[in-house]
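I have placed the structure first, in the form of structure tokens, so that the comments after it can refer back to it.
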2 protein chains.
Amino acid sequence: MRVLIVEDDALHRSYLHEAVRAALPECDDVIEADNGFSGEVQARKARSEHVVMDLQMSERNGIEAARTIWRERPDTKILFWSNYSDEAYVRGVARIVPEGATYGYVLKSTSDERLKLALRSVFIESQCVIDREVRGIQQKSLGNAHGLSDAEYEILVDVALGLTDKAIAQRKKLSLRSVQNRLQQLYEKLDVYHPTGQGGEGWYNLRTRAVAVALSRKVLNSNALERAERDLQEGLKS
Amino acid sequence: MRVLIVEDDALHRSYLHEAVRAALPECDDVIEADNGFSGEVQARKARSEHVVMDLQMSERNGIEAARTIWRERPDTKILFWSNYSDEAYVRGVARIVPEGATYGYVLKSTSDERLKLALRSVFIESQCVIDREVRGIQQKSLGNAHGLSDAEYEILVDVALGLTDKAIAQRKKLSLRSVQNRLQQLYEKLDVYHPTGQGGEGWYNLRTRAVAVALSRKVLNSNALERAERDLQEGLKS
DNA sequence: TTTTGTCTTGCGGGATCCCGCATATTTTGC
DNA sequence: GCAAAATATGCGGGATCCCGCAAGACAAAA
């Protein structure tokens with residue numbers, strides 16, 4: 001049994017290495033990669049079926065790496081290992097998990113025990129393990145109230161990329177007006193309407209304010225934007 | 001001699017602790033805080049004159065903490081210790097350093113040696129130490145070309161917060177037209193004008209696109225936005 | 001079938017944004 | 001001290017954005 005660790009922080013990498021050795025005595029080979037790209041290469045070369053993946057790496061982030069790994073071998077078991085539980089990450093991961101794949105999502109702040117448990121559960125038992133806190137985010141984002149629907153989220157991303165209504169309409173194959181409707185929903189859900197009781201109307205440019213709020217609520221993060229940007233440039237070429 | 005470590009990642013914290021003990025034998029007391037708030041409290045309580053500070057903590061980020069520490073005791077020596085060298089961080093630090101204060105800025109990826117050297121240089125020799133790479137960013141941002149001037153940067157922040165031209169004009173005590181002029185400069189420097197040779201005009205909403213580009217270039221980051229947002233809310237109350 | 005609800009699209013208009021052009025005002029270099 | 005350059009301001013207009021109103025499409029509930 002072989003395990004691939006993809007993590008750009010040296011300290012965390014060695015800690016993980018340690019944890020893997022301790023939790024999985026049946027594992028006889030641990031390989032490492034310090035960024036998303038080499039992670040993909042290593043996974044391909046070694047045909048790894050077990051991967052521990054950091055999200056948020058500077059070179060190429062974990063979600064993109066995981067996406068290509070899963071595209072090549074959808075039965076790969078991946079344990080995501082992240083600092084934060086931003087809604088953007090949770091959404092990003094959920095979006096790329098293949099049908100029936102087993103994966104886990106644990107935070108770096110969890111105890112040794114939990115990490116080791118997660119390692120065994122995911123890699124040996126083929127069981128999905130999602131950290132309590134992460135689950136919480138998942139619930140909240142889906143759970144109505146202020147949670148964004150997928151449609152709204154997509155619009156949000158396009159807006160955050162800096163596209164005009166017209167451009168979005170074209171990309172999403174909608175009328176201009178529909179796009180604007182979705183924008184209004186978005187504005188309401190994000191509470192963009194003069195939340196600062198103070199002052200008066202017209203203080204905020206709703207469009208940009210929505211992005212700011214989404215960022216501060218961690219519904220979006222720069223990581224997600226990078227991915228979206230790449231997808232956009234990709235799509236423009238065709 | 002006492003050293004305060006402010007760092008929210010347990011692994012890095014203990015690594016730092018270790019490094020401090022090794023590099024500074026004359027240091028007889030190391031105290032720790034795992035977020036910006038308790039960092040401020042500890043600093044006040046222990047009257048620390050030597051602080052190692054992580055930027056980018058979830059609770060309250062390092063720049064805010066450093067700002068209040070320096071406000072209370074401007075002669076405190078602070079060594080910043082960060083994962084990345086985003087222009088936003090570099091600018092943020094430069095903005096709050098008091099006249100004649102000694103500080104350092106090293107990346108987490110630097111070697112043991114360099115870290116220890118930096119610790120001694122800053123705390124013992126009272127010498128400023130800025131990582132090579134960080135210097136690079138500093139140069140680039142100041143060195144005209146595509147670098148933003150302070151005025152432009154401020155406008156950028158306000159835009160990113162979601163303010164309207166009118167609101168910005170008021171805050172900055174400028175005419176509406178002047179604000180729009182600065183925006184145009186900003187758009188040019190950020191290359192917002194259909195950088196995607198493809199397609200045609202009118203694909204981008206310049207205002208939002210500028211924010212997206214600034215984020216992807218790390219001229220801005222969510223951390224800087226958080227700070228700005230707080231300042232904004234502060235200013236609105238008065 | 002009718003009703004109710006959600007979603008899409010069109011029209012219209014007021015506010016805002018982007019920006020060219022022209023005129024002050026300030027800063028800079030010599 | 002003066003010319004040159006940068007910056008600030010005003011005016012005007014075309015494009016875009018935000019959104020109320022209303023009509024059609026489609027699906028689930030009654």
Side-chain angles (χ1 to χ4, degrees), chain A residues 142 144-196 199-214, chain B residues 142-195 199-214:
Chain A
L142 295 176
N144 47 56
H146 293 278
L148 303 190
S149 72
D150 278 2
E152 287 152 0
Y153 183 74
E154 298 219 337
I155 289 281
L156 171 61
V157 172
D158 282 353
V159 168
L161 285 176
L163 298 174
T164 56
D165 292 3
K166 211 194 306 177
I168 299 177
Q170 203 160 317
R171 264 165 76 74
K172 291 276 150 53
K173 305 233 172 86
L174 287 174
S175 75
L176 220 177
R177 191 60 179 87
S178 295
V179 172
Q180 296 176 332
N181 272 338
R182 281 159 128 105
L183 273 178
Q184 275 183 263
Q185 297 171 227
L186 196 64
Y187 296 154
E188 277 179 30
K189 293 221 185 163
L190 290 178
D191 257 353
V192 169
Y193 299 96
H194 33 101
T196 311
E201 315 261 325
W203 278 89
Y204 290 123
N205 173 311
L206 301 181
R207 175 169 281 254
T208 344
R209 182 64 183 166
V211 176
V213 171
Chain B
L142 295 177
N144 41 55
H146 291 277
L148 304 190
S149 72
D150 278 1
E152 286 153 359
Y153 183 75
E154 297 219 337
I155 288 280
L156 172 60
V157 172
D158 282 351
V159 168
L161 285 177
L163 298 173
T164 55
D165 292 2
K166 210 195 306 178
I168 299 175
Q170 203 160 319
R171 266 166 73 74
K172 292 274 150 53
K173 306 231 172 89
L174 287 174
S175 75
L176 220 177
R177 191 59 180 87
S178 296
V179 172
Q180 296 175 331
N181 270 337
R182 277 150 119 116
L183 272 179
Q184 276 182 264
Q185 297 171 225
L186 195 65
Y187 295 154
E188 277 178 31
K189 292 220 185 166
L190 291 178
D191 257 353
V192 168
Y193 299 96
H194 34 104
E201 314 262 325
W203 277 88
Y204 289 122
N205 174 312
L206 301 182
R207 178 168 278 255
T208 341
R209 181 65 183 167
V211 176
V213 172

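- With contacts defined as side-chain heavy-atom distances shorter than 4.5 Å, the pair A:Tyr193/A:Leu206 qualifies.
- In the region residues 169-185 of chain A, proximity to DNA chain D at under 4.0 angstrom, judged on heavy atoms, holds for A:Arg177, A:Gln180, A:Leu183, A:Gln184.
- The separation between B:Arg209 atom CZ and D:dC17 atom P is 15 Å, rounded to whole Å.
- Formation of a donor-acceptor pair under 3.5 Å by the A:Gln184 side chain with backbone atoms of A:Asn181 is not found in this model.
- D:dC18 atom C1' lies 16 Å from atom NZ of A:Lys166, rounded to whole Å.
- The minimum heavy-atom distance between B:Ala160 and A:Ala212, with the atom names listed, is O-CB, 3.2 Å.
- In this structure, the CD atom of A:Glu188 is 12 Å from the C1' atom of D:dC18, given to the nearest Å.
- The separation between A:Leu186 atom CG and C:dC7 atom C1' is 16 Å, rounded to whole Å.
- The separation between A:Tyr204 atom OH and D:dC17 atom C1' is 19 Å, rounded to whole Å.
- Salt bridge present: B:Lys189 and B:Glu152 bring a charged side-chain N and a carboxylate O closer than 4.0 Å.
- Within the 4.0 Å cut-off from OP1 or OP2 of D:dC19, at least one side-chain nitrogen or oxygen of A:Tyr193 is found.
- Between B:Asp191 and B:Val213, the closest side-chain pair of non-hydrogen atoms is not below 4.5 Å.
- In this structure a side-chain-to-backbone donor-acceptor pair under 3.5 Å is present from A:Arg209 to B:Leu161.
- When the P atom of D:dA15 is taken as reference, atom CG of B:Asn205 falls 16 Å away, rounded to whole Å.
- Bending across the helix from C:dT1-D:dA30 to C:dC30-D:dG1, expressed as the angle between its end axes from five pairs apiece, amounts to 40° (10° rounding).
- A:Trp203 has its CH2 atom 18 Å from the C1' atom of C:dC17, to the nearest Å.
- For B:Ile168 and C:dT16, the CD1 to P distance is 13 Å, given to the nearest whole Å.
- Residues A:Leu163 and A:Val159 fail the side-chain proximity criterion, which asks for heavy atoms closer than 4.5 Å.
- Taking all atoms of both residues into account, the shortest heavy-atom contact from A:Ala210 to A:Leu190 is O-CD1, 3.6 Å.
- The existence of a salt bridge linking A:Glu154 and A:Lys172 is confirmed by a sub-4.0 Å separation between a basic side-chain nitrogen and an acidic carboxylate oxygen.
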